[in-house]
Amino acid sequence: MTDRSVPLRAVRTAPVLPLWAALISAAAAGGLLTLAFPAISLWFAAFPAVGLLLLSLIGRRAWSALLVGLVYGAVFFLILVSWTARYLGPIPWLALALLEAALTAAALVPITLAYRWIPRLPLPSYARTALLAVTVAALWIGRELFVGNWPYGGFPWARIAYTLADTAAARVSSWIGISGLGFLMVLLVALVVELARAGSRPRALGFVAPVILGIVLVALPAFPTTANGSMRIGAVQGNGPTGYFDQREPLSVLNAQTEATAPLYGKGMDLLVWPEGGLDGDPFQYPELAAGLDEVAARVGAPVLANAATQKGELFYNTSFLWPQGSHPPLARDDVQTHAKRHPVPFGEYVPDREFFNAIVPDLIGLIGREYTPGSDAPVVRVGSTPVGLAICFDVIYDELIAEGIQGGAQVLVFQTNNADFRGTVENLQQLAIARMRAVETGRSVVNISTVGTSQVIRADGSTQASLNEDRPGALLEDVELRTGATAGVVLGPWIEQVLLWGGLLVVVVAGIGSRRRDRT
């Protein structure tokens with residue numbers, strides 16, 4: 001650390017590593033961080049990974065920072081989302097990974113600028129250190145928000161906080177949200193990096209903040225929510241032919257789900273949950289599918305929360321609906337409680353800018369014949385008097401949708417998903433970790449049910465209540481705890497994100513203006 005008495009022009013802002021070493025360090029950071037995510041889940045690897053990347057960025061010019069960021073992002077995303085190549089080959093995988101890498105590289109440049117400009121501010125050394133570490137951590141979260149919202153709705157799949165989903169530190173998200181937890185993780189690393197740069201004799205006071213942060217991550221209890229009884233929920237994983245390229249006979253998906261549900265007949269329950277894509281088509285248009293749901297609902301003695309592609313006018317939706325128990329005439333879509341997927345997957349459920357991409361890869365784009373429309377109905381259905389929050393597959397990664405369910409009174413969360421296109425990969429485990437984090441963040445039990453697995457009932461503390469392994473049919477029947485009350489993480493999380501995003505950028509801009517003015521004097 002430099003003392004305030006040291007001339008500001010003498011403050012060291014040179015690179016810690018030469019460019020060749022920074023590129024190697026960035027590549028190592030990307031590879032190391034993937035180890036912190038499922039299926040390997042070495043969560044502690046996230047911290048040195050962040051440290052290696054920060055060391056690679058310190059002192060860089062913008063163009064070399066872009067190169068460092070691109071190497072880091074490419075290694076990280078090419079490994080993390082390699083499951084996208086499972087059926088469609090390398091083009092979608094490379095397109096997604098390299099796009100995210102490019103966006104990541106651009107969004108890491110402000111961190112380099114922070115390391116260049118903030119040390120030159122006329123502040124005491126401890127204040128500069130604290131401001132620099134806080135700004136770097138805020139800019140990291142700003143980068144996550146950027147790539148998580150743009151383009152085409154973004155891809156908030158790889159947030160660093162998800163690496164702690166299976167740890168006690170996940171409880172911090174119930175106080176300050178998932179982005180808040182990620183901020184504390186990076187802040188801890190950034191402070192340690194500054195202590196290491198201080199030389200062999202840093203002030204003892206400098207160790208206090210990292211120690212306090214470590215204690216918070218390990219020991220902070222979850223934000224309290226209130227128990228409100230339980231709901232007996234059945235959840236069925238049919239393991240049917242639900243992938244794009246699966247060979248199937250008529251009604252084969254319905255039959256697979258029905259056969260897997262049979263062990264639950266007569267057991268008694270409040271709700272039966274089937275996964276996303278648990279039907280072969282639209283039950284509001286095909287009487288045989290409606291009849292199948294009628295029979296299942298009658299045999300289990302409960303409504304069925306199912307999902308299918310439905311049509312309203314000329315528009316298609318990925319729709320979850322609460323199929324009622326009992327005798328009734330043919331149902332229309334407007335006769336039942338529904339929730340349509342809010343964020344259809346780009347290039348999976350619809351094609352943005354279809355003409356442009358069709359000119360580049362017509363064979364791949366031609367596979368996506370149906371264009372799903374984003375839904376607008378609330379992600380909540382009522383089972384009796386109990387609100388149940390919903391998220392369909394990738395919608396689980398969008399904070400605002402989960403918060404909307406909690407604000408709508410949801411006392412339990414149900415996530416329906418179809419992982420059939422990624423059989424044999426770690427995609428389902430990465431998604432399951434996000435579901436686990438949502439349970440802790442919201443203080444709610446989660447029923448995460450997949451067509452092919454892994455399916456689980458997750459308690460509000462993040463522990464597993466019941467589980468079904470992947471690639472086999474099965475059924476769960478559990479008394480799932482209901483809880484009320486919104487956590488601070490749900491309420492304050494969006495505000496914390498905005499403060500971090502704009503606050504980090506503002507500090508860099510102000511520091512940059514001050515640095516330029518001093519250069520002129």
Side-chain angles (χ1 to χ4, degrees), residues 37-41 43 83 157 161-168 170-171 173-174 178 222 230-240 242 256-257 260-261 263-264 267 269-278 305-307 320 388-397 402 405 410-420 422-483:
F37 287 85
I40 298 176
S41 298
W43 60 267
W83 40 264
W157 183 266
Y162 290 148
T163 63
L164 300 185
D166 291 322
T167 74
R171 297 181 302 220
S173 68
S174 68
I178 291 172
S230 64
M231 174 182 287
R232 193 163 177 79
I233 299 178
V236 178
Q237 175 178 301
N239 201 43
T242 53
Q257 283 295 133
T261 305
L264 302 183
K267 294 288 183 70
M269 65 187 72
D270 300 305
L271 173 68
L272 175 66
V273 180
W274 279 8
E276 178 192 28
L305 181 61
N307 173 280
S320 292
V388 175
L390 308 179
I392 303 170
C393 200
F394 277 17
D395 269 1
V396 72
I397 62 182
I402 304 301
Q411 298 181 28
V412 62
L413 298 175
V414 174
F415 302 151
Q416 298 162 285
T417 184
N418 178 10
N419 307 110
F422 309 110
R423 287 180 189 261
T425 74
V426 300
E427 183 272 344
N428 77 96
L429 297 179
Q430 291 177 5
Q431 187 173 340
L432 185 63
I434 299 172
R436 192 177 311 283
M437 183 66 81
R438 293 301 188 189
V440 181
E441 175 201 21
T442 61
R444 295 294 190 275
S445 299
V446 165
V447 178
N448 187 84
I449 186 68
S450 169
T451 49
V452 299
T454 302
S455 298
Q456 287 189 351
V457 176
I458 304 167
R459 299 184 184 93
D461 63 2
S463 62
T464 301
Q465 180 172 336
S467 184
L468 294 171
N469 292 331
E470 60 184 312
D471 289 329
R472 63 185 63 182
L476 301 172
L477 183 60
E478 297 290 325
D479 291 315
V480 179
E481 184 182 47
L482 303 175
R483 302 191 73 86

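All values reported here derive from a predicted model rather than from experimental measurement. Count residues from 1 along the sequence.
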Plane angle bin for Trp83 and Phe422 - parallel if under 30°, tilted between 30 and 60°, otherwise perpendicular = perpendicular

Are any side-chain N or O atoms of Ser174 and backbone N or O atoms of Ala222, one a donor and one an acceptor, separated by less than 3.5 Å?
-> no

Heavy-atom donor-acceptor pair, Thr261 side chain to Gln257 backbone, under 3.5 Å = yes

Arg232 side chain vs Val480 backbone, donor-acceptor pair below 3.5 Å | no

Please report the closest heavy-atom contact between Thr417 and Cys393, naming both atoms and the distance.
-> OG1-SG, 3.2 Å

Point-to-point distance, once rounded to the nearest 0.5 Å, from CZ of Arg423 to CG of Asp471 = 5.0 Å

Min side-chain heavy-atom separation Ile449-Leu476 under 4.5 Å = no

Is any side-chain heavy atom of Trp157 closer than 4.5 Å to a side-chain heavy atom of Glu427?
-> yes

Where the side chain of Arg444 meets the backbone of Arg483, is there a donor-acceptor pair that is under 3.5 Å apart?
-> yes

Is there a donor-acceptor pair closer than 3.5 Å between any side-chain N or O of Asp270 and the backbone N or O of Ile233?
-> no

d(Thr454 OG1, Leu432 CG) to nearest 0.5 Å is 6.5 Å

Which atoms form the tightest heavy-atom contact between Gly453 and Asn428, and what is the distance?
-> O-CB, 3.4 Å

Can you tell if the side chain of Gln465 reaches within under 4.5 Å of the side chain of Val446, non-hydrogen atoms only?
-> no

Could you tell me the separation between the CZ atom of Arg436 and the OG1 atom of Thr167, rounded to the nearest 0.5 Å?
-> 11.0 Å

Could you tell me which non-hydrogen atom of Val447 sits nearest to which non-hydrogen atom of Ala235, and how far apart they are?
-> CG1-CB, 3.9 Å

Sub-4.5 Å side-chain heavy-atom contact between Ile178 and Tyr162 = yes

Closest heavy-atom contact between Ser320 and Asn307?
-> OG-ND2, 3.1 Å

Rounded to the nearest 0.5 angstrom, the CG-CE distance for Asp166 and Met437 is 8.5 Å

Do you know which two heavy atoms are closest between Thr451 and Gln237, and how far apart they sit?
-> O-CG, 3.4 Å

Give a yes or no answer on whether the side chain of Gln456 reaches the backbone of Asn448 with a donor-acceptor pair at less than 3.5 Å.
-> no

Calculate, to the nearest 0.5 Å, the distance between atoms OG1 and CD1 belonging to Thr464 and Ile458 respectively.
-> 6.0 Å

Does Ser450 offer a backbone N or O that forms a donor-acceptor pair with the side chain of Asn419 under 3.5 Å?
-> no

Ala165 and Ala170: which non-hydrogen atoms are nearest, and at how many Å?
-> O-CB, 4.0 Å

From CD1 (Ile402) to CG (Leu390), nearest 0.5 Å = 9.5 Å

When you check the side-chain N and O atoms of Thr442 and Arg438, is any donor under 3.5 Å from an acceptor?
-> no

